Amino acid sequence: MKTVALIVLLAVVACQFSLAQTPAQQEVLQFERDACKAFLEADVVALERVLTPDFTLTLSNGEVNTRADEINELRSGKVHYEVFENYDMLARLYGNDTAVVLGKTRVKGTADGKPFDRVVQFTDTLIQRDGRWQLAAGHVSRIEK
């Protein structure tokens with residue numbers, strides 16, 4: 001019985017290590033958390049640094065927002081976030097300058113004065129330029145509660 005328990009324990013530990021993120025993956029995930037903070041705080045300067053000039057975000061309804069759209073919504077106060085949090089994230093790196101991040105985002109706030117509270121599944125494509133990560137493209141799909 002002790003042998004079986006030891007084998008199970010070793011298998012659990014091995015699975016945890018296989019899911020562990022490398023330092024480069026951890027850096028990408030920290031970038032994602034920092035990007036969330038920029039949206040949450042409506043920090044336009046940070047967003048200009050985080051988003052590539054040709055950034056696009058494909059929404060659940062098929063609409064495509066640009067970098068300017070995202071920044072203008074926050075700058076104007078049209079959208080205000082109380083919660084903007086990524087979780088269950090997984091980073092995949094392709095070489096030293098490209099990453100894809102999968103995860104979920106909970107957003108809560110107001111848009112045009114109307115409250116919203118939703119969870120979306122996201123896929124982000126990041127590139128590294130001049131030694132820093134930037135978000136080049138994103139896609140979100142709404143998850144029904």
Side-chain angles (χ1 to χ4, degrees), residues 6-145:
L6 181 59
I7 291 171
V8 169
L9 178 63
L10 289 174
V12 168
V13 170
C15 287
Q16 287 178 342
F17 281 118
S18 69
L19 296 176
Q21 302 281 295
T22 67
Q25 289 168 314
Q26 290 173 5
E27 179 183 336
V28 166
L29 296 180
Q30 184 59 52
F31 167 86
E32 285 282 348
R33 288 186 285 276
D34 293 343
C36 287
K37 184 177 177 185
F39 278 98
L40 181 64
E41 296 177 355
D43 186 341
V44 172
V45 173
L47 282 176
E48 288 172 342
R49 260 192 334 268
V50 167
L51 305 176
T52 62
D54 59 350
F55 168 78
T56 55
L57 174 65
T58 304
L59 305 171
S60 291
N61 63 5
E63 290 181 25
V64 178
N65 280 4
T66 65
R67 175 185 191 229
D69 295 330
E70 292 295 311
I71 289 172
N72 289 337
E73 283 182 347
L74 290 177
R75 182 181 279 138
S76 70
K78 178 181 176 181
V79 175
H80 171 75
Y81 295 103
E82 297 169 30
V83 175
F84 197 121
E85 180 180 41
N86 286 353
Y87 61 99
D88 290 347
M89 292 188 290
L90 174 66
R92 299 179 190 160
L93 273 67
Y94 300 92
N96 295 322
D97 61 357
T98 306
V100 173
V101 180
L102 309 170
K104 293 183 177 90
T105 304
R106 177 168 180 238
V107 288
K108 179 181 178 182
T110 57
D112 293 324
K114 297 176 184 167
F116 63 85
D117 186 357
R118 68 181 62 108
V119 175
V120 296
Q121 178 72 42
F122 74 88
T123 303
D124 284 345
T125 302
L126 286 65
I127 60 169
Q128 192 169 45
R129 287 187 179 156
D130 301 323
R132 63 185 172 94
W133 289 102
Q134 288 186 294
L135 185 54
H139 185 276
V140 295
S141 296
R142 194 170 181 170
I143 299 173
E144 296 303 322
K145 290 184 177 181

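Computed from a predicted model, the values in this text were never measured in an experiment.
Under a 4.0 Å N-O distance rule, the pair R129/D97 does not qualify as a salt bridge.
To the nearest 0.5 angstrom, R67 atom CZ is 6.5 Å from L51 atom CG. Within the model, atoms CD of E32 and OG1 of T105 stand 7.5 Å from one another, a figure rounded to the nearest 0.5 Å. For the atom pair I71 CD1 and N65 CG, the distance stands at 11.5 Å (nearest 0.5 Å). Rounding to the nearest 0.5 Å places CG of L74 at 10.0 Å from NE2 of H80. Of the inter-residue distances, the one linking R118 atom CZ with E144 atom CD reads 10.0 Å to the nearest 0.5 angstrom. With values rounded to the nearest 0.5 angstrom, R75 atom CZ is found 11.0 Å from D43 atom CG.
Panel note: side chain Q26, backbone Q21; a donor-acceptor pair is recorded below 3.5 Å. Under a 3.5 Å cut-off, the side chain of Q25 and the backbone N or O of A91 do form a donor-acceptor pair. Proximity of a side-chain donor or acceptor of D34 to a complementary backbone N or O of F31 within less than 3.5 Å is not detected. In this structure a side-chain-to-backbone donor-acceptor pair under 3.5 Å is present from S60 to V140. The backbone N or O of G103 lies less than 3.5 Å from a partner atom in the side chain of Q121, making a donor-acceptor pair.
Relative ring orientation between F39 and F84 is described as parallel, the plane-to-plane angle staying below 30° on a 0-90° scale split at 30° and 60°.
The two atoms that bring F55 and L135 nearest to each other are CD1-O, 3.4 Å, heavy atoms only. Between E73 and S76, the shortest heavy-atom distance links the atoms O-OG, 3.2 Å. Summarising the geometry of D69 relative to T66, their closest heavy-atom pair is OD2-N, 2.8 Å, with the distance given to 0.1 Å.
Taking 4.5 Å as the limit, some side-chain heavy atom of Y87 sits within range of a side-chain heavy atom of V119. In this structure the side chain of K78 reaches within 4.5 angstrom of the side chain of D112, judged on heavy atoms. In this structure, the side chains of L47 and E70 stay at 4.5 Å or more apart for every pair of heavy atoms.
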Could you give me the CA-CA distance, side-chain angles and deciding distance for L57 and E63, then say whether side-chain contact (heavy atoms from CB on, under 4.5 Å) is met?
CA-CA 8 Å; L57 174 65; E63 290 181 25; over 6 Å; no

Given L102 and M89, is the side-chain contact (heavy atoms from CB on, under 4.5 Å) satisfied, shown in steps?
CA-CA 5 Å; L102 309 170; M89 292 188 290; over 6 Å; no

Would V120 and V107 count as a side-chain contact (heavy atoms from CB on, under 4.5 Å) if you check the C-alpha gap in whole Å, the side-chain angles of each, and the deciding distance to 0.1 Å?
CA-CA 8 Å; V120 296; V107 288; 5.6 Å; no

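The environment of R92 atom CZ is sparse: at most 12 non-hydrogen atoms of other residues, nucleotides or ligands sit within 6.0 angstrom. Other residues, nucleotides and ligands place more than 12 heavy atoms under 6.0 Å from the CG atom of N61. Residue D88 places its CG atom among more than 12 non-hydrogen atoms of other residues, nucleotides or ligands, all under 6.0 Å distant.
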